[in-house]
Amino acid sequence: MTVEAIYRAIDEIAPFSESMDFDNTGILVGDPQAEVTDALLCLDVTMRVLREALDCGAGLIISHHPVIFHKLGAVLRGDIVYELARSGVSVISAHTNLDKAYPFGVNHALAERLGLHDVRGIIRDGNACIAYMGELAQPMTEEAFGAQIKEALGLPSLRYTPANHMVRRVAVVGGAGGEYALEAAGCGVDAFVTGEVRYHEAIAARACGVTLYEAGHYHTEIVYRRMLCDALAARCPGVRFHVSRSERPPMAFL
């Protein structure tokens, strides 16, 4: 299959037309007509990921975060875009359109990873939902659900805003989703899980009584890879889809 054919398969799952205005998604590097036998799924396109793609024979990298996001002043040797073009590896980036996708999207994958049931979309953006909510099998204390989040996402630590109530209904937005916490609280959730929270968002969440968990941008989004990998494998016969083994969080814990 070609890069463009795989782009169309992703578009069926997560329409690129649903990308937010600030975003940059689609085929961002390479040749749309290039034949692809192997593709590598990742969160971020780094030199480590590019080396992994070359090692496994992947002519295409499918990333969540756009490999080109801000204006490029120059493209020089050693820059990831230069090295991608030089290597002949193409990149498709599916960002906010994949956040919203159901099923197989980032937030859907996060909800399932956290053990939520009856998952459905809330907080619409365009024709799709930017946040999803579901229920735990039984009510849990804030501390017990926090421990479940840590185990599910492989976290060494977790920050939250205590509200001193049981947790049953939970909403999620992977990545930097703290701005949606209050709107999610208005939908009747007990807790909201996201990757990044600003100080004023934590203050507001605590004031309105929602338990807000900050679980890390990387850890709340990387969960999408296996689900999308399997979905694409079913739609693209003859292409081997690989989940990156080399990715690491950009920041470490002391």
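A quick note: this is a predicted structure, and the numbers were derived from the prediction, not measured.
Nearest approach of P162 to Y160, heavy atoms of both residues: CD-O, 3.4 Å. When every heavy atom of L155 is checked against every heavy atom of A215, the shortest pair comes out as CD2-O, 3.2 Å. Nearest heavy-atom pair, A184 versus V189, reported as atom, atom and distance to 0.1 Å: O-CG2, 3.3 Å. The shortest non-hydrogen separation linking E4 to I27 is CA-CD1, 4.2 Å. Taking every heavy atom of both residues into account, D23 and T96 meet most closely at OD2-OG1, 2.5 Å. What you find for L110 and V173 is that their closest heavy atoms are CD2-C, 4.3 Å.
A salt bridge between R120 and E135 is present, with a side-chain N of the basic residue lying under 4.0 Å from a carboxylate O of the acidic one. Taking a cutoff of 4.0 Å between a charged side-chain nitrogen and a carboxylate oxygen, R240 and D38 qualify as a salt bridge. Under the 4.0 Å criterion applied to side-chain N and carboxylate O atoms, D55 and R51 are not assigned as salt-bridge partners.
Taking CD1 of I149 as the start and CD of E214 as the end, the distance is 11.5 Å to the nearest 0.5 Å. Distance check: E221 CD to E196 CD gives 8.5 Å after rounding to the nearest 0.5 Å. Between the NE2 atom in H200 and the CD atom in E179 there is a gap of 8.5 Å [rounded to 0.5 Å]. To the nearest 0.5 Å, atom CZ of residue F192 and atom CG of residue L212 are 7.0 Å apart. Rounded to the nearest 0.5 Å, atoms CZ (F104) and CD (E12) are 11.5 Å apart. To the nearest 0.5 Å, the span separating CG on L41 from SG on C229 amounts to 5.5 Å.
L60 places none of its side-chain heavy atoms less than 4.5 Å from the side chain of Y7. Side-chain atoms of T2 and E35, non-hydrogen and from C-beta on, do get closer than 4.5 Å to each other. You'll find the side chain of L114 reaches within 4.5 Å of the side chain of L153, heavy atoms only. Side-chain contact between M140 and R168 is absent, with no heavy-atom pair separated by less than 4.5 Å. Contact of the I130 side chain with the Y180 side chain is registered, since non-hydrogen atoms from C-beta on lie closer than 4.5 Å. Using a 4.5 Å heavy-atom threshold, the side chains of I61 and V67 count as separate. Using a 4.5 Å heavy-atom threshold, the side chains of M251 and Y218 count as separate. By the 4.5 Å heavy-atom criterion applied to side chains, L72 and D79 are not counted as neighbours.
Among the candidates L98, N127, T25, the single residue satisfying the side-chain contact (heavy atoms from CB on, under 4.5 Å) test with E18 is N127.
Relative orientation of the H108 and Y102 rings is tilted, given thresholds of 30° and 60° on the angle between their planes. Using a 30° and 60° split on the angle between ring planes, H95 and F22 fall in the perpendicular class, above 60°.
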After noting the C-alpha distance and the side-chain angles of D44 and E247, does the key distance pass the side-chain contact (heavy atoms from CB on, under 4.5 Å) rule? CA-CA 8 Å; D44 299 283; E247 283 198 283; 4.2 Å; yes
Take V75 and Y82, measure what side-chain contact (heavy atoms from CB on, under 4.5 Å) needs, and give me the verdict at the end. CA-CA 6 Å; V75 178; Y82 176 96; 3.6 Å; yes
Under the side-chain contact (heavy atoms from CB on, under 4.5 Å) rule, what do L84 and L50 come out as? Steps first, then yes or no, please. CA-CA 7 Å; L84 284 162; L50 175 57; 3.7 Å; yes
Apply side-chain contact (heavy atoms from CB on, under 4.5 Å) to N24 and S93, showing your working. CA-CA 8 Å; N24 187 31; S93 296; over 6 Å; no
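I62 and I13 fall within a single hydrophobic cluster, where Ile, Leu, Val, Met, Phe, Trp and Tyr are joined by side-chain heavy atoms under 4.5 Å apart, directly or via other members. Residues F145 and V223 share a hydrophobic cluster, clusters being chains of Ile/Leu/Val/Met/Phe/Trp/Tyr side chains in contact below 4.5 Å. Hydrophobic clustering (ILVMFWY, side-chain heavy atoms < 4.5 Å, transitive): M166 and Y213 are in distinct clusters. Transitive grouping of hydrophobic side chains (ILVMFWY, heavy atoms separated by less than 4.5 Å) brings L136 and L158 into a common cluster. Put simply, F69 and L43 are part of two different groups of oily side chains (I, L, V, M, F, W, Y) that touch within less than 4.5 Å, one to the next.
With hydrogens and angles left out, the side-chain atoms of E52 and H242 include no donor and acceptor closer than 3.5 Å. When only modelled atom types and interatomic distance are considered, H64 and D99 share a side-chain donor-acceptor pair under 3.5 Å.
Surrounding CZ of R48 are more than 12 heavy atoms belonging to other residues, nucleotides or ligands, all under 6.0 Å away. At most 12 heavy atoms of other shown residues, nucleotides or ligands fall within 6.0 angstrom of atom CZ in R198. With a 6.0 Å radius and a threshold of 12 heavy atoms from other residues, nucleotides or ligands, Q138 has its CD atom at or below the threshold. Applying the 6.0 Å contact sphere to CZ of F253 captures more than 12 heavy atoms from other residues, nucleotides or ligands.
Without hydrogens or angle criteria, R248 side chain to S246 main chain gives a donor-acceptor distance under 3.5 Å. Side-chain atoms of T46 come within 3.5 Å of backbone atoms of V49 as a donor-acceptor pair (strictly under, hydrogens ignored). Looking only at distances, a side-chain donor or acceptor of R169 sits under 3.5 Å from a matching main-chain atom of G188. Remark: the backbone N or O of A131 is not paired with any side-chain donor or acceptor of N107 at under 3.5 angstrom. Using a distance-only test at 3.5 Å, with no hydrogens or angles considered, a donor-acceptor pair links the side chain of T194 to the main chain of G177.
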